[in-house]
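Below is one structure, written out as structure tokens; comments come after it.
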2 protein chains.
Amino acid sequence: MKKTYSEENYLKAIYHLGKSDNKVSPKAIADALENNPASVIDMLKKLQDKDLISYDKVQGAILSRSGEMAALDIIRKHRLWEVFLVEKLQYGWDEVHDIAEQLEHIHDEQLAKKLDDFLGNPSFDPHGDPIPAQNGKMPVYASKRLSEADENQMCKVGSVRDTSTPFLKYLKQLKVGLGSRIRVIEKMEFDQSMIISIDEGEPKTVSSKMTDNILVILD
Amino acid sequence: MKKTYSEENYLKAIYHLGKSDNKVSPKAIADALENNPASVIDMLKKLQDKDLISYDKVQGAILSRSGEMAALDIIRKHRLWEVFLVEKLQYGWDEVHDIAEQLEHIHDEQLAKKLDDFLGNPSFDPHGDPIPAQNGKMPVYASKRLSEADENQMCKVGSVRDTSTPFLKYLKQLKVGLGSRIRVIEKMEFDQSMIISIDEGEPKTVSSKMTDNILVILD
DNA sequence: ATATAAAATTAGACATGACTAATTTATGTA
DNA sequence: TACATAAATTAGTCATGTCTAATTTTATAT
């Protein structure tokens, strides 16, 4: 039961969208995949026929057991390849997303396992995201969004939730990376923006869109 | 001017078929790609429109300059990935072809270069085939087909011309690998089969199909 | 030279996965 | 409640790359 490139991308998108507790609507999927809702509905029907998801207007799209395993398998491969690209090929962490997007679709029975072993069985990818095990289990570790940290709190960047190239480039510019130490100087009530100091540098203002997408470990 | 997966496969096939001096006919391409001549003709037209090849009934398909560069680029990537799979991920040389067939289509400006550096700039892939440089130049070394060797000639396996899984499995069974020493014991005039000794082992009979696809360095 | 076979070509169809435009269903607000 | 808007859905179209079936061209053998 091999899946097409497209099917795999839909399953992945549905998985990610399903993590937040909102219902996974055709519109949401269309936005995530940058295509249109009509196309999405066509594909949802196909995925439902293959028992990879269930879909109805009220519930939205929900991954079946096999759909979720398939999604986790793609995500596992995506993140393992990201580790490879950064650790072995010396790419920057903000450059690897699009390449991993392609590599994740390579089909081979043994590949993920062999790559995993070669990389030393990493638990997290270069963005700090957990790499699912073969059985689909996710390694977890305590973390909060930066937006949830209190004023004067010191914390360490553990991972980023948005791994799009523009966001990562923005972080690079701010000199924020995994492990960067951030002190919350002030939280603006009205728009949730924050003034922070990065690695004890001068204060900078960042939006809630930024702080919502950074996961930190509190000191 | 990025090429599709399919276009890349056609260019590669045309390149390989063009190496032997036969004309590259729709039939030959169809056989190589395991599809049918009608499909091939459709694609040849598209490739011609993009100036990647020229095609007419008499000459067959001929790669243009840009078509050849594109083909060499795919072959370069294919062979680099094969080195990676065998050297780093511990695959057997008979297992990697189908995976490399997928990996060769990954698009990224820097990838081939970075992979090449990571692998230590290898000149030959695990099957002994030369890896084109970025500029398309092929490393060369003297070699002949085993079928051209004389009786009693001692030689060393330098590469294989057919890298299909069935052929490689057959070689594995015969215990023939890169560097194996082969002595030609007898050549049968009538069907060009040969009796050979592999690494001084007991004599074995092999067909001309086999000896035509093994390249050797004469002692 | 001509019959026969093989190869090349054309025409028409199909699957996949996308699109636009029109329609229906929900949701939210005055 | 009723209108306005957003979302979901349907119908029809399109590009890509494939196929089969028929037809034409080329090559081969007697």
Side-chain angles (χ1 to χ4, degrees), chain A residues 1-15 17-18 20-63 67 70-71 74 101-102 104-105 107, chain B residues 1-14 17-18 20-63 67 70-71 74 101-102 104-107:
Chain A
M1 268 205 238
K2 52 182 170 293
K3 283 118 206 143
T4 66
Y5 192 105
S6 249
E7 285 171 345
E8 291 183 346
N9 280 334
Y10 275 92
L11 292 174
K12 188 163 55 106
I14 295 167
Y15 179 89
L17 293 168
S20 60
D21 41 12
N22 306 322
K23 103 177 180 194
V24 181
S25 63
K27 170 82 163 71
I29 298 171
D31 287 348
L33 297 179
E34 298 185 288
N35 64 6
N36 81 40
S39 311
V40 173
I41 300 228
D42 288 345
M43 183 57 98
L44 292 182
K45 283 178 190 154
K46 287 177 199 162
L47 294 174
Q48 189 156 38
D49 289 345
K50 297 194 180 186
D51 286 317
L52 292 166
I53 66 165
S54 66
Y55 173 69
D56 66 78
K57 198 180 311 199
V58 183
Q59 302 279 302
I62 292 168
L63 292 173
I74 307 293
E101 234 14 45
Q102 300 174 60
E104 70 190 8
H105 300 291
H107 286 279
Chain B
M1 269 209 229
K2 53 181 170 291
K3 285 116 205 145
T4 67
Y5 192 104
S6 249
E7 286 171 343
E8 291 184 346
N9 280 334
Y10 275 91
L11 293 174
K12 186 162 56 109
I14 294 167
L17 292 169
S20 59
D21 41 12
N22 306 322
K23 104 176 179 194
V24 182
S25 64
K27 169 82 164 71
I29 298 171
D31 287 348
L33 297 178
E34 298 185 291
N35 65 4
N36 82 39
S39 311
V40 172
I41 300 230
D42 287 345
M43 183 58 95
L44 292 183
K45 283 177 190 157
K46 287 178 199 162
L47 294 174
Q48 191 157 38
D49 288 346
K50 296 193 179 185
D51 286 317
L52 292 166
I53 66 166
S54 66
Y55 172 69
D56 67 79
K57 198 179 310 199
V58 182
Q59 303 277 302
I62 293 169
L63 292 173
I74 308 293
E101 212 56 14
Q102 300 174 62
E104 70 190 8
H105 300 290
I106 303 292
H107 286 279

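To find a chain, count down the sequence lines: A is the first, B the second, and so on, and within it residues start at 1.
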Open item on the list: Can you tell me if Tyr10(B) touches the phosphate of dT16(D), counting only side-chain N or O atoms and a distance under 4.0 Å to OP1 or OP2?
Closed with: no

Open item on the list: In this structure, how many angstroms lie between the P atom of dC19(D) and the CD atom of Glu34(B), rounded?
Closed with: 11 Å

Open item on the list: At 4.0 Å (heavy atoms only), tell me whether Tyr5(A) reaches a base, stays on the sugar-phosphate, or touches nothing.
Closed with: nothing

- [ ] Quick one: label Pro37(B) by what it contacts on the DNA or RNA (base, sugar-phosphate, nothing), any heavy atom closer than 4.0 Å.
- [x] base

TODO: Pull out every residue in residues 45-62 of chain A that has a heavy atom closer than 4.0 Å to any atom of DNA chain C, ordered by number, or say none.
DONE: Lys46(A), Lys57(A)

Open item on the list: Need one value for Ser6(A): base, sugar-phosphate or nothing, where a base atom within 4.0 Å counts as base even if backbone is also close, heavy atoms only.
Closed with: sugar-phosphate

Task: Least distance between heavy atoms, Pro37(A) atom then Ala30(A) atom - done: N-CB, 3.6 Å

Task: Rounded distance in Å - CG (Leu44(B)) to P (dA8(C)) - done: 10 Å

Task: Met43(B) vs Ala38(B), nearer the 5' end of DNA chain D by closest nucleotide - done: Met43(B)

- [ ] Would you kindly give the CD1-to-C1' distance between Ile41(B) and dT9(C), to the nearest whole Å?
- [x] 5 Å

Open item on the list: Strictly below 4.0 Å, N to O, side chains only: are Asp42(A) and Lys46(A) in salt-bridge contact?
Closed with: no

Open item on the list: Name the residue from Leu63(B), Ile29(B), Ile53(B) that meets the side chain to side chain contact (heavy atoms under 4.5 Å, CB included) definition with Val24(B).
Closed with: Ile29(B)

Task: Spacing between Glu7(B) atom CD and dG17(D) atom P, to the nearest angstrom - done: 6 Å

Task: Any Met43(A) side-chain heavy atom under 4.5 Å of Ser6(A) side chain - done: yes

Open item on the list: Check Lys45(B) with Asp49(B), please: is the shortest side-chain N to carboxylate O separation under 4.0 Å?
Closed with: no

Task: Integer-rounded Å distance: dG12(D) P and Asp42(A) CG - done: 13 Å

Task: Distance below 4.0 Å between Ser39(B) side-chain N/O and dG17(D) OP1 or OP2 - done: no

Open item on the list: Using the rule side chain to side chain contact (heavy atoms under 4.5 Å, CB included), only one of Glu104(A), His107(A), Lys2(A) pairs with Glu8(A); which is it?
Closed with: His107(A)

Task: Thr4(A) vs Lys23(A), nearer the 5' end of DNA chain C by closest nucleotide - done: Thr4(A)

Open item on the list: Measure NZ/Lys2(B) against C1'/dT16(D) and give the value in whole Å, please.
Closed with: 15 Å

TODO: For Asn36(B) and dC14(C), give me the distance from atom CG to atom C1', rounded to whole Å.
DONE: 13 Å

Open item on the list: Which heavy atom of Lys23(A) sits nearest to which heavy atom of Gly60(A), and what is that distance?
Closed with: CD-N, 4.2 Å

Task: Gap between atoms CG and C1', on Asp31(B) and dA8(C) respectively (whole Å) - done: 14 Å

